[in-house]
Structures are given as C-alpha cells and as structure tokens.
Amino acid sequence: MKFNDMPYSRPDFELLSKQVAELTERMKNAASFDEANKVFVEYCGITTDVETDYSLSYIRHSINTEDEFYDKEAEFWDETLPAMQELMQLFALSMLGSPYRRQFEEAYGELMFKNIEISLKAFSPEIIPEMQEENKLTTEYAKLIASAQIPFDGGIYTLSQLSPHKQVVDDNKRLEAWKAEGGFYTENGEKLDEIYDKLVHLRDEMGRKLGYKNYIQLGYYRMNRNSYTAEDVERFRHAVIKYIVPIADRLYREQAKRIGASYPLNYSDMALSFRTGNPTPKGTPEEILEHGKRFYHELSPETAEFIDFMYENELLDVLSRKGKEGGGYCTGLPRYKAPFIFANFNGTAHDVEVITHEAGHAFAGYTARNIFPPENQNPTMESCEIHSMSMEFFAWPWQEGWFGEDTEKFYYSHLSGALTFIPYGTMVDHFQHIVYEKPEMTPAERHDTWKKLMADYMPWVRIDGEIPFYGEGKNWQRQSHIYENPFYYIDYCLAQTVALQFWAVMQKDMKDAWRRYMTLVGNAGTMTFDGLVASAGLATPFGDTALKEVAEAAVVWLDKVDTEKIK
C-alpha cells in the first residue's frame, strides 16, 4: 500500500486499556502453552496496530510540523505513550510470571525475556507525569529547530537548506553562512538552555524515583543496553583517544594545509575538505534517487527486491521544504511490514548518504519483517546503526554514478569523515555522562564542560568566538540526540567502528564482506550487540583490538592516496 493511502486513526485508549487488561488476565490464567501463545499472538497484533498509528502520526507531523491535525496528534501521543507503557508493563509482568516461560523461550529465544526484564527496570507508573513532560519538551525542541527561517545572501533558509552554503569554496561566503546559522542558535540560546535544563532535572528525578543514583543507569535501561555497561563505554572512550584522535588530528592538519587555512581550524574551514570544493553529487534529486535504485538492484537480489518495494509504495520523503522537521531517520510501519525513510536533501554528499545510510536501516527492517514476534525484528540501536553505516561503505563501487569526477574525493572524505566522527560522537556521549552525574550544573557550566572535552577529543578546533555559537563552544545544542534521545549517540560510534571493520574486509574480499553483513542483518533482534558482531566474525569495539585494527587499516589506505589528484 502506498504511504499516502495508509489510513491513520487515533487509538481509543479506554478500549485499548480494556483489551490489554483482558489479555493480561487470560495470560495469567492460561491452562496450556498453546493457550498462552494464542494470547501472546493476539497481544502482538494489538501492539502492531498501535505502533503503526503512532509511526504514521510521527512521520506526517515530521513532514509538515505546521499541519494542525498532526500537531494535535503529536500532543495526544506525547500524553498517551507513557500511559500505554504502563499497560504494556502489566502484560510483560504476566509473561515473566507465566508457568510457560520456558516454552516461550524455546519458541522465541531467551533474549526477548532479558529485554522485558530490562524494560521493567526502566519504567514505573510513578514517572508517567515526568515522561509526559519530557515528551512535550522534546517536541518543543524539534519544533523550534524546524521553525528556523535564516536570512542569508538575499534569501530565507531552513537549517537544512542552508547546509550547501556552509560548504562553498568562497571563504567569505562560507564563513558568513556559518555565522548566519550560528546567529539563529544564539538568538534562541536562552530557550535552548531552558529546555535542556528542564529535561536534565526531569530525567534526574525519574532516575531517583526508580531508585537509581541519577539518570545514567535509567538512561542505559531505556536504551535497552543488554550486553555492555557504562564501564565498557568508558574503555571505548580511552581507546578512541588513544587510536583515533591522532589520526583525526593528522587528517585535519593535512586539510588545513590543503585549503590554506591556519591550524587549529574554525568550523567554517573544517567544512571545506578541498580547495577545489567538496565532493558533490551530480544530477537532480530524481537522478540521485534513480542511481540509488540501480545500486540496490546490482548489489544483490535481496536489495533489489527491497528497493522496488520502497519505490512502488512511495515510502520515501527526502526533499527539504519549509515547515519540515530537520534531519533524517528511518522508522517502521509494522502493520504493512514496511519501512519509511525521512530526510532532507540539500545538494551535498549528505543526499547520497541518505540513500545508503537510511536505506541501510530500511533494508534491515524489510529483511526482518516476517520474524515473529515483532520484538525479535529489531536489535538494540547500536546494532541497527551497523546496518546503515556499513551500507554506506558497500556503496563504494557505485559512487562514480553519483559523484563522477569527484569520486576519489568522495572516497577520501567518506573514510576521513567516518574516522573524525568517532571522537566527536564519543565526546557527545561523555558530555552527557558528566551532565547527568551533575544535574545541578548551570547552563554556563555545561557550556564550559563541552569546551574542556573538546581539548581532548577535538584539539583541531579553534574556539575563539569568531563564529557566533560555534566559536563559543556551544554547538552541542544543535545535536538533537542530546535533547531527544540521551545516550543514543555512542551507538553511532560503536557502529562506525564495526562498519569500518566491514570496510577493511571489503578491501580484501567484497563477497566475504557481504556474506558477513547478511549474516548480521539476518539475525535481526535475536542476538545482543556483542553476539551480532561475533556472528559476522568481527571484534567488539570495547577495549583496544577493534579500534587499533581499524586505525591501522585506515592509515595504510590513506598513505596510498594520491593527494595531488584530490586538491
């Protein structure tokens, strides 16, 4: 079914409550496993419908934040989702207490129950008011960012539409674009501080109500961390500083020399990788999408079937326009066994990354669409990011169709970008750990904390106030995950480490890399993050092994680059 034909209806919460309460009692009183399993199947059907209606509402609100109908629906879901979580918790408790738990584990795997136990640690009815307020605040943040109308060079731009101007070759125009964007954030700085301050204290209160020292442990449970701890992430941080920061520093020093800029760089100069301009895709958005279709058709039979399904059912909205929420994501419409890709094309290499990254998520979702129960279709988020980030690298043999004469530039900038992202993403996570350890910090102290972390993770950045907001070390406020999904961002870094391992295998044997990738994707949500990585024959990111090997492979590749060809 085409996306626009999918009907949306707000669920009747009172009726839903009665249905789930009845199923919960039936589960408790089931006289056999077959009877209990029928109840479970019925329950999964109800949750599938609810999740689909929520996704439809969320997507359509993202597409047009000025749509009054879906604006009201967003308010409904902000209020109702926490209460729905209470219903789901009652049913989950009946599953955990079922005398047929062993049969359920034999049928659907033990991990499902481990995840249920974690979800119960992340919720209690007493934090529903805080969760509702949290939803309202994150919606307020998203709408504020989407509302940007930035005057620049005679035009008015959204944040996404301004992005190409932030990469132009002309140093003065590029700097002015960065200043224009920084001006928007500075103008709204007090509001951004206010929203985040409220979120931090709300989340801290939730953690304490559930018996935790602060929000951090609750945050890990909410992210369903089922195979590693905060201590493991801390070990990963140390390895990033040891192995990746030196390579990133080398890359930015070379970039400064290449473009004739002083080191350390300001944000405007960091945005220009080559004096002759950054690699940009050739052709219209329609042509970019068409080559994406060719890529997936030629990559494998599985991806060919997937991409045809996406196009035939119009499951993409990728053009940037006024009132559209920023960023990009992939989500699912489980009733229709369909993924959906949301993005904002802006004429940069980002457009190609959407076709590979978000479609990597979508392909994994499509591959797992028939797995039952639905809980086993999706692994934890860092594993989902492996799907997308690795797909970006699998697209390398097809990049010439997007970038033409800029293809060599793209290879270099893509690999460099993957490496230099890891310190930044790790810093985002480290920042959040500090913030939630000390929720009493003032906004000024949070800004100061970010600046101090930059010295360890991003020593190539100049903080001198030249660019409003960015040059003042406040740019964490533009990272939506910090507001909307605390502790999510490290998932990208862990996944990027695994994706770079896939890249290293691709350099030797593309078929072997694809076989390993399909094994990982095919296991879907039936394994933990560590288990999925091991199933592909790769090293876990925690500790030194993975990052050390990735760093060594990257240096070998970078040393072979003919820099005269990519000035």
Side-chain angles (χ1 to χ4, degrees), residues 1-13 15-16 19-20 23 40-64 67 69-70 73-74 76-77 80-81 84-85 87-88 108 112 289 292-293 296-297 300-319 324-325 327-343 354-379 381 383-384 387-388 391 521-526:
M1 181 181 290
K2 295 185 187 305
F3 175 73
N4 286 334
D5 295 332
M6 294 177 183
Y8 167 77
S9 61
R10 178 189 290 191
D12 182 330
F13 182 67
L15 175 61
L16 183 66
Q19 290 174 323
V20 175
L23 289 170
F40 179 57
V41 171
E42 208 173 317
Y43 171 79
C44 289
I46 290 173
T47 57
T48 291
D49 284 340
V50 171
E51 288 173 17
T52 301
D53 284 324
Y54 169 69
S55 285
L56 285 168
S57 175
Y58 182 83
I59 294 165
R60 288 169 180 166
H61 185 250
S62 298
I63 288 171
N64 183 7
D67 184 307
F69 175 81
Y70 284 107
E73 293 310 290
F76 163 79
W77 287 103
T80 307
L81 279 175
M84 286 186 179
Q85 194 166 340
L87 294 178
M88 309 311 173
Y108 305 125
M112 183 179 78
L289 289 168
K293 191 172 184 179
Y296 285 108
H297 268 266
S300 75
E302 298 89 351
T303 50
E305 177 188 315
F306 149 74
I307 203 64
D308 286 344
F309 177 82
M310 295 295 290
Y311 278 79
E312 287 166 7
N313 292 286
E314 299 173 0
L315 294 164
L316 307 92
D317 188 296
V318 300
L319 301 182
K324 187 176 180 181
E325 192 172 299
Y329 62 78
C330 173
T331 191
L333 297 158
R335 183 189 301 145
Y336 306 103
K337 297 185 177 182
F340 186 91
I341 294 173
F342 172 94
V354 165
I355 296 302
T356 53
H357 182 102
E358 299 302 345
H361 285 306
F363 173 65
Y366 182 79
T367 301
R369 69 195 183 282
N370 292 318
I371 292 176
F372 187 85
E375 288 85 346
N376 285 353
Q377 292 179 10
N378 298 307
M381 295 308 298
S383 302
C384 292
H387 304 154
S388 55
M391 187 65 82
V521 169
N523 285 321
T526 64

Is any side-chain heavy atom of Ile63 less than 4.5 Å from a side-chain heavy atom of Phe342?
yes
Judged by atom type as modelled, is there a donor-acceptor pair below 3.5 Å linking the side chain of Thr331 to the main-chain atoms of Ser55?
no
Can you measure from CE (Met310) to OG1 (Thr303) and round to the nearest 0.5 angstrom?
13.0 Å
Measure from the side-chain N and O atoms of Thr52 to the backbone N and O of Thr48, and report whether any donor-acceptor pair falls under 3.5 Å.
yes
Check the pair Arg10, Thr80 against side chain to side chain contact (heavy atoms under 4.5 Å, CB included), reporting the backbone distance first and the verdict last.
CA-CA 11 Å; Arg10 178 189 290 191; Thr80 307; over 6 Å; no
Answer yes or no on whether Lys337 is positioned over the face of Phe309, meaning its NZ or CZ is under 6.0 Å from the six-membered ring centre and within 45° of the axis.
no
If you look at every heavy atom in Ser57 and Glu73, which pair is closest and at what distance?
OG-CB, 3.3 Å
Would you say the side chain of Gln377 lies within less than 4.5 Å of the side chain of Asn370, judging by non-hydrogen atoms?
no
Is it true that the side chains of Glu375 and Tyr108 contain a donor and an acceptor less than 3.5 Å apart?
no
What do the steps show when you test Glu302 against Thr367 for side chain to side chain contact (heavy atoms under 4.5 Å, CB included), and what is the final call?
CA-CA 8 Å; Glu302 298 89 351; Thr367 301; 5.8 Å; no
Determine whether Pro379 and His387 make a side-chain contact, defined as any pair of heavy atoms from C-beta on separated by less than 4.5 Å.
yes
Gap separating the CG atom of Asn64 from the CZ atom of Phe69, nearest 0.5 angstrom:
13.0 Å
Given the ring of Tyr8, does Arg60 sit roughly above its face, with NZ or CZ under 6.0 Å from the centre of the six-membered ring and within 45° of the axis?
no
Specify whether Tyr58 and Tyr329 have parallel, tilted or perpendicular ring planes, treating 30° as the upper limit for parallel and 60° as the lower limit for perpendicular.
tilted
If you look at every heavy atom in Gly522 and Ile371, which pair is closest and at what distance?
O-CD1, 4.4 Å
Side chain to side chain contact (heavy atoms under 4.5 Å, CB included) evaluation trace for Asp317 with Ile59:
CA-CA 9 Å; Asp317 188 296; Ile59 294 165; over 6 Å; no
For the residue pair Phe3 and Phe340, categorise the inter-ring angle as parallel (less than 30°), tilted (30 to 60°) or perpendicular (more than 60°).
tilted
Within this structure, what is the CG-CE distance for the pair Leu56 and Met6, rounded to the nearest 0.5 Å?
7.0 Å
Exercise: identify the closest heavy-atom pair between Pro11 and Phe76
O-CZ, 3.8 Å
Please report the closest heavy-atom contact between Cys330 and His361, naming both atoms and the distance.
CB-CB, 3.6 Å
How long is the gap from CG on Leu16 to CE on Met84, to the nearest 0.5 Å?
5.0 Å
Nearest-0.5 Å distance that lies between atom CG in Asn378 and atom OG1 in Thr526
11.5 Å
Say you draw a straight line from CE of Met1 to CG of Leu333; how long is it, rounded to the nearest 0.5 Å?
11.0 Å
Minimum-distance pair of heavy atoms, taken over all atoms of His357 and Ser388
O-CB, 2.9 Å
Under the side chain to side chain contact (heavy atoms under 4.5 Å, CB included) criterion, do Tyr43 and Met88 qualify, and how do the steps go?
CA-CA 10 Å; Tyr43 171 79; Met88 309 311 173; 3.1 Å; yes
How about Tyr296 and Phe363: are their ring centres within less than 6.0 Å of each other?
no
Please report the shortest heavy-atom distance between Asn376 and Ala524, naming the atom on each side.
O-CB, 3.6 Å
